[in-house]
Amino acid sequence: MLLVARGGEVGYTAAIGHSELSTERLAAYDDIFLLMSTAKSYTAALVLNLIDRGQLAFDTKVVDIVPEFGVRGKQRATVAHLLTHTAGTWAGFVPPPPGQWGAQWGDMDAMTALVCAQQLAYVPGERVVYNPFASFGLLGEIVRRLDPAGRSFRQIAREDLFEPPGDDRQFFRAEGRRSAPGTGSDG
């Protein structure tokens with residue numbers, strides 16, 4: 001998608017390229033794309049909002065919010081460790097056996113259970129190991145668990161992050177919408 005604007009006035013928009021190369025489906029304005037790393041900044045903003053409001057701290061242990069995480073050596077990991085990829089989780093995207101993302105990918109409950117069951121790979125705070133699903137997936141779960149209204153992560157993001165600026169086209173997991181490959185339902 002391309003949008004050119006100046007002084008608040010949109011001068012040009014275009015849907016360029018393909019949404020799905022295998023079928024040669026052209027991109028359309030209403031396509032929803034999986035943002036991957038961009039979503040981490042949204043999650044971090046929601047976590048920082050909780051810290052700003054005093055509901056969470058950088059040194060809060062993950063187990064204080066997600067008790068089931070506190071097994072297999074992960075008891076010392078903190079919110080700061082998750083934010084900086086130093087919580088001691090495995091490297092890469094795919095969890096080690098017997099963990100599998102597969103159909104569970106995008107299901108926060110299943111993902112949280114899978115991450116919590118994993119063995120600590122490194123001592124928290126001693127090594128940067130990039131794992132966006134374990135780190136930022138757990139941060140999303142922390143945001144969800146600390147929500148007094150019991151909202152889904154997608155609803156929290158929409159209402160607390162995206163709606164205040166007035167953009168209702170931004171959300172997590174595009175349920176029931178035309179989606180590019182890799183997107184799915186509510187998280």
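Only heavy atoms go into these numbers, but all of them, side chains included; no hydrogens, no water, no symmetry mates.
Remark: side-chain polar atoms of N131 are not paired, donor with acceptor, to backbone N or O of A91 under 3.5 angstrom. Panel note: side chain Y122, backbone V128; no donor-acceptor pair is recorded below 3.5 Å. For T43 (side chain) and A39 (main-chain N/O), a donor-acceptor pair under 3.5 Å exists by modelled atom type. Distance alone, capped at 3.5 Å, is enough to place a donor-acceptor pair between the T60 side chain and the A57 backbone. Under the 3.5 Å distance criterion, the side-chain polar atoms of E20 are left unmatched by any main-chain donor or acceptor of R25. Checked by atom type and distance alone, the side chain of Y42 never pairs as donor or acceptor with a backbone atom of F162 at under 3.5 Å.
To the nearest 0.5 Å, atoms CD (Q55) and CG (N49) are separated by 9.5 Å. Considering OG of S152 and CD of E159, their distance stands at 8.5 Å, rounded to 0.5 Å. To the nearest 0.5 Å, atom CG of residue D147 and atom CG of residue D160 are 7.0 Å apart. Interatomic distance, CG of L82 versus CG of L139, reported as 4.5 Å (0.5 Å rounding).
V129 has its side chain out of reach of T89: every pair of non-hydrogen atoms, C-beta onward, lies at least 4.5 Å apart. By the 4.5 Å heavy-atom criterion applied to side chains, T13 and L2 are not counted as neighbours. Between L46 and F153 there is a side-chain heavy-atom pair separated by less than 4.5 Å. In this structure, the side chains of R72 and L120 stay at 4.5 Å or more apart for every pair of heavy atoms. Under the 4.5 Å side-chain criterion, counting only non-hydrogen atoms from C-beta, R76 is in contact with V123.
Of all the heavy atoms in V71 and C116, the pair that sits closest is CG2-O, 3.3 Å. Scanning both residues, A27 and A15, for their nearest heavy atoms gives O-CB, 3.5 Å. Scanning both residues, E141 and M108, for their nearest heavy atoms gives N-CE, 3.2 Å.
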Verdict with reasoning, R151 to R144, per side chain to side chain contact (heavy atoms under 4.5 Å, CB included): CA-CA 7 Å; R151 298 173 292 170; R144 188 168 75 161; over 6 Å; no
Step by step, would you call V143 with L50 a side chain to side chain contact (heavy atoms under 4.5 Å, CB included)? CA-CA 8 Å; V143 168; L50 291 172; 4.0 Å; yes
For the pair V47 and I51, evaluate side chain to side chain contact (heavy atoms under 4.5 Å, CB included) and give the outcome as yes or no after the intermediate values. CA-CA 6 Å; V47 168; I51 290 170; 4.1 Å; yes
Between L48 and F58, is the side chain to side chain contact (heavy atoms under 4.5 Å, CB included) condition met? List the steps. CA-CA 9 Å; L48 294 173; F58 288 112; 3.7 Å; yes
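R53 CZ: more than 12 foreign heavy atoms inside a 6.0 Å radius.
Contacts classified as ring-ring contact (aromatic ring centres under 6.0 Å, His included) and involving residues 69-89 (residues at least two apart or in different chains) are given here: H85-Y130, H85-F136.
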Which side-chain N or O atoms in residues 61-68 pair as donor and acceptor under 3.5 Å with protein atoms at least two apart or in another chain?
unit_1, atom_1, unit_2, atom_2, d
E68, OE1, R145, NH1, 3.2
E68, OE2, R145, NH1, 3.3
E68, OE2, R145, NH2, 2.4

